[in-house]
Amino acid sequence: MQAEAKRPYLMGTGVIGLTLPLHPFLPFDLSVQIAALLLALIAGAYIGFGAADGRVNVFFGELAGAGMFGGAALLGLIWQPWIIAVGIFAHAFWDFLHLNDNFGARIPKWYIPFCAWIDIAVGIGLLVIWYVI
């Protein structure tokens, strides 16, 4: 793998390393609230990509996707926190769908593996921190 191809994973690992290790030391409710905010923010990034894309139908598609993940964040806050972690993990699939140039907004190609790697690691990590440790 070339250095250029590794860069999104290295940057993602840095983000993971700066955030996920804090969660075992936070009160459970605060950890859940921060994770819900994270899910809403990562989904919201795609609203920006949709707006930058310029196609109205694409914007509303990205808005709908963000609404779905935002709804998962809210549902996790008011019902079961594991929904938030699963929502973060599931967001990786939303990222991967954007590898298809015919799906959704035009996303910088480096952003897709960067975000997907964070989504997978943080989603699984939170499940382990909240329900195993």
Side-chain angles (χ1 to χ4, degrees):
M1 189 180 285
Q2 296 175 328
E4 188 72 25
K6 292 179 185 176
R7 193 163 295 140
Y9 298 103
L10 293 173
M11 292 183 339
T13 299
V15 171
I16 295 161
L18 290 172
T19 58
L20 193 58
L22 299 175
H23 283 269
F25 303 101
L26 296 173
F28 179 77
D29 289 343
L30 181 58
S31 176
V32 170
Q33 292 165 357
I34 290 170
L37 180 61
L38 173 67
L39 179 54
L41 289 173
I42 61 177
Y46 280 81
I47 297 172
F49 288 133
D53 185 280
R55 296 174 288 171
V56 174
N57 62 325
V58 168
F59 172 75
F60 283 109
E62 298 296 349
L63 186 63
M68 180 177 62
F69 289 106
L74 180 61
L75 191 59
L77 281 173
I78 62 175
W79 188 48
Q80 292 291 327
W82 61 263
I83 295 169
I84 298 166
V86 171
I88 293 170
F89 181 85
H91 191 266
F93 293 99
W94 186 255
D95 297 323
F96 289 134
L97 285 173
H98 287 81
L99 287 172
N100 179 345
D101 290 333
N102 296 320
F103 181 88
R106 294 176 189 102
I107 310 293
K109 292 301 179 196
W110 68 266
Y111 185 83
I112 295 168
F114 165 77
C115 189
W117 169 227
I118 294 169
D119 295 340
I120 292 167
V122 171
I124 292 171
L126 288 173
L127 287 172
V128 169
I129 291 166
W130 292 345
Y131 298 103
V132 177
I133 296 178

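Any value given below was found using the heavy atoms of this structure, including those in side chains, with hydrogens, waters and symmetry copies removed.
Note: Leu18 CG to Thr13 OG1 = 10.5 Å, rounded to the nearest 0.5 Å. In this structure, CZ on Phe25 lies 14.0 Å from CG on Leu30, to the nearest 0.5 angstrom. Atom CZ of Phe89 and atom CD1 of Ile120 lie 5.5 Å apart (nearest 0.5 Å). Atom CG of residue Leu74 and atom CD1 of residue Ile83 lie 10.0 Å apart, to the nearest 0.5 angstrom.
Side-chain atoms of Asp53 never come within 3.5 Å of backbone atoms of Ala105 as a donor-acceptor pair (strictly under, hydrogens ignored).
Between Phe93 and Phe96, the two ring planes are perpendicular [angle over 60°; tilted spans 30° to 60°].
For Phe60, the CZ atom counts as loosely surrounded, since its 6.0 Å shell holds 12 or fewer non-hydrogen atoms of other residues, nucleotides or ligands. More than 12 heavy-atom neighbours from other residues, nucleotides or ligands sit within 6.0 angstrom of OH on Tyr131.
At a threshold of 4.5 Å between side-chain heavy atoms, the hydrophobic network of Ile, Leu, Val, Met, Phe, Trp and Tyr places Leu22 and Val32 in two separate groups. In the hydrophobic cluster analysis, where Ile, Leu, Val, Met, Phe, Trp and Tyr join through side-chain heavy atoms closer than 4.5 angstrom, Ile88 is grouped together with Tyr9. Hydrophobic clustering (ILVMFWY, side-chain heavy atoms < 4.5 Å, transitive): Leu41 and Leu39 are in distinct clusters. The cluster map of Ile, Leu, Val, Met, Phe, Trp and Tyr, joined by side-chain heavy atoms under 4.5 Å apart, puts Leu63 and Val58 in different clusters. No continuous path of hydrophobic side-chain contacts links Val56 to Phe49 [ILVMFWY only; heavy atoms under 4.5 Å].
Across all non-hydrogen atoms, the minimal contact from Pro81 to Trp130 is O-CZ3, 3.3 Å.
Considering only heavy atoms from C-beta on, Cys115 comes within 4.5 Å of Tyr111 through its side chain. Considering only heavy atoms from C-beta on, His98 stays 4.5 Å or farther from Asp95 through its side chain. Counting heavy atoms from C-beta outward, Gln33 and Leu37 have side chains that stay 4.5 Å or more apart. Counting heavy atoms from C-beta outward, Lys109 and Asp101 have side chains that approach closer than 4.5 Å. At a threshold of 4.5 Å between non-hydrogen side-chain atoms, the residues Leu127 and Val132 do not count as touching. Proximity of Val15 to Trp117: side-chain heavy atoms (C-beta onward) are nowhere separated by under 4.5 Å. Looking only at side-chain heavy atoms (C-beta outward), Ile34 and Leu38 stay at 4.5 Å or farther from each other.
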Q | Leu20/Leu126 under side-chain contact (heavy atoms from CB on, under 4.5 Å): CA gap, chis, key distance, verdict | A | CA-CA 8 Å; Leu20 193 58; Leu126 288 173; 4.0 Å; yes
Q: Please test Leu10 against Arg7 for side-chain contact (heavy atoms from CB on, under 4.5 Å), starting from the C-alpha separation and ending with a verdict.
A: CA-CA 5 Å; Leu10 293 173; Arg7 193 163 295 140; 5.5 Å; no
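Separation of the Trp94 and Phe103 ring centroids falls under the 6.0 Å cut-off. Taking the centre of each ring, Phe69 and Tyr46 stay at or above the 6.0 Å mark.
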